[in-house]
Amino acid sequence: MTDVAPDADFRKNRKLKNALLQHKALTKDGLSERLFGMLFSGLVYPQIWEDPEVDMEAMQLTEGHSIVTIGSGGCNMLAYLSRSPSSIDVVDLNPNHVALNRLKLAAFQHLPDHAAVVHHFAQENTRSNSRSYDRFIAPNLDAQTRDYWNKRGVTGRRRIAAFNRNFYRTGLLGRFIGAGHIVARLHGVKLTDITETRSLREQRQFFDDRIAPLFEKPLIRWITARKSSLFGLGIPPQQYDELASMSEGGTIAPVLRHRLEKLACHFPLKDNYFAWQAFARRYPQPHEGTLPTYLKPELYPAIRANANRVTVHHASFTELLTQKAAASVDRYILLDAQDWMNDRQLNDLWGEITRTAAPGARVIFRTAAEKSVLDGRLADTLLDQWTYHAERSAELNKQDRSAIYGGFHIYERKA
């Protein structure tokens with residue numbers, strides 16, 4: 001009797017302790033999910049962080065294609081218009097992104113010229129932008145979108161006034177980048193100094209000497225050990241876990257260091273507007289570098305002419321596809337949305353993609369980790385109807401100037 005009871009108590013206590021630990025973990029994850037959901041309900045991306053040049057190359061995008069894409073900041077949707085697709089359906093569950101996409105489309109259609117578009121979306125401290133909005137854009141918006149941009153915040157300013165200052169410092173991502181600059185300055189590093197470099201060699205030296213050592217600092221290692229540290233990038237807790245699994249210590253710091261190294265060192269600064277947004281919090285001036293694809297002067301006539309081919313929906317990707325006819329869509333852009341999905345959502349989505357895919361249709365998406373999110377999760381009956389272009393996906397992933405994703409993936413509908 002005396003031999004058995006302590007052992008039974010031990011097992012009982014161990015089970016209770018394990019249950020309590022599991023409950024604590026679930027509660028912590030639940031709080032993280034709720035916090036992320038709350039932050040993600042506002043404007044997240046003033047600029048989309050997927051390279052449209054890579055997108056269009058991967059899709060082999062040509063005139064006449066029917067496209068369904070996730071909106072986000074709207075930059076890539078506009079870039080696709082330069083290839084004269086027959087139609088683009090833009091979906092987003094975030095009403096702030098819906099309003100931003102509709103604003104950008106109206107700006108291209110109704111602002112007087114290319115210079116006015118660049119003034120509105122690429123230059124800071126341009127106080128006339130809200131007046132241009134009132135004169136040219138607002139009368140051509142639907143009432144809901146117009147009300148969104150006219151709404152006043154706690155400061156009394158209208159939302160549209162953000163374009164008078166620096167729109168890219170707003171939103172969750174803009175504030176996250178700003179916080180990163182503050183943390184770097186606390187450690188004596190001014191990230192904007194990288195814009196003074198004049199070659200890839202100088203960019204590499206700046207990264208090795210100034211940026212890389214930051215990831216060894218106790219404060220930064222402590223911050224990056226928390227899932228909430230990446231909420232500003234729009235990375236939910238489950239994506240954090242995927243990224244952390246890529247490093248030996250299960251911490252995000254080495255992964256972030258590697259991604260930031262690619263952003264800082266792999267492309268000439270003058271050709272990488274993503275790096276300008278990260279390190280300078282603005283777009284380059286004409287003598288400093290090139291603007292995003294959708295703002296290039298040579299593409300303006302086509303984008304303006306084709307802007308009426310876009311429809312923006314406040315809906316999910318799967319929801320929109322259920323309304324599409326079979327074999328009616330040529331190209332699908334999923335961004336990194338599948339990283340957030342459970343198996344049922346993933347299979348529901350690909351069931352509709354497969355049904356609506358025209359012969360030779362292509363799907364592109366990105367993942368936080370390197371491998372495709374479909375591996376071991378998508379039903380064989382669906383996956384067998386698609387060809388994965390692994391080699392081409394890897395090639396184009398290296399060319400993605402945004403540098404923040406681990407994987408880029410191309411799937412093509414089998415004949």
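Computed from a predicted structure; not experimentally measured.
- When all heavy atoms of Asn306 and Ser84 are compared, the pair lying nearest together is ND2-OG, 3.1 Å.
- Residues passing the salt bridge (charged side-chain N to carboxylate O under 4.0 Å, His left out) test with Arg198: none are found, sequence neighbours excluded.
- Listed by first then second residue, pairs satisfying salt bridge (Lys or Arg N to Asp or Glu O under 4.0 Å) with a partner in residues 375-391 read Asp343-Arg377, not counting sequence neighbours.
- Aromatic rings of Tyr300 and Tyr294 (six-membered ring for Trp) have centroids beyond the 6.0 Å cut-off, not under it.
- Screening residues 346-389 for ring pair (Phe, Tyr, Trp, His ring centres under 6.0 Å), with sequence neighbours left out, gives Trp350-Trp386, Trp350-Tyr411, Phe365-His409, Phe365-Tyr411, Tyr388-His409, Tyr388-Tyr411.
- Not counting sequence neighbours, the partners of Arg282 by the salt bridge (charged side-chain N to carboxylate O under 4.0 Å, His left out) test are Glu288.
- Qualifying ring-ring contact (aromatic ring centres under 6.0 Å, His included) partners for Tyr168, counting only residues two or more places apart in sequence or in other chains: Tyr283.
- Among residue pairs with one or both ends in residues 158-174, those qualifying as salt bridge (Lys or Arg N to Asp or Glu O under 4.0 Å) are Asp134-Arg158; sequence neighbours excluded.
- Taking the salt bridge (charged side-chain N to carboxylate O under 4.0 Å, His left out) definition, one finds that Lys296 meets it with Glu53, sequence neighbours left out.
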Would you give me the side-chain donor-acceptor pairs under 3.5 Å for residues 179-188, sequence neighbours excluded?
residue: His181; atom: NE2; partner: Ala278; partner atom: O; Å: 2.8
residue: His187; atom: ND1; partner: Val183; partner atom: O; Å: 2.9

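- Screening residues 56-87 for ring pair (Phe, Tyr, Trp, His ring centres under 6.0 Å) gives no qualifying pairs among residues at least two apart or on separate chains.
- Put simply, the side chain of Arg331 never gets that close to the backbone of Val68: no donor and acceptor are under 3.5 Å apart.
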Atom pairs and distances, donor-acceptor, side-chain atoms in residues 263-272, under 3.5 Å, two or more places apart:
residue: Asn272; atom: OD1; partner: Phe274; partner atom: N; Å: 3.1
residue: Asn272; atom: ND2; partner: Arg401; partner atom: O; Å: 3.3

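- For the residue pair Asn129 / Ser132, no side-chain donor-acceptor distance below 3.5 Å is found, with atom types taken as modelled.
- The ring-ring contact (aromatic ring centres under 6.0 Å, His included) search around Phe207 returns none, not counting sequence neighbours.
- Residues passing the salt bridge (charged side-chain N to carboxylate O under 4.0 Å, His left out) test with Glu202: none are found, sequence neighbours excluded.
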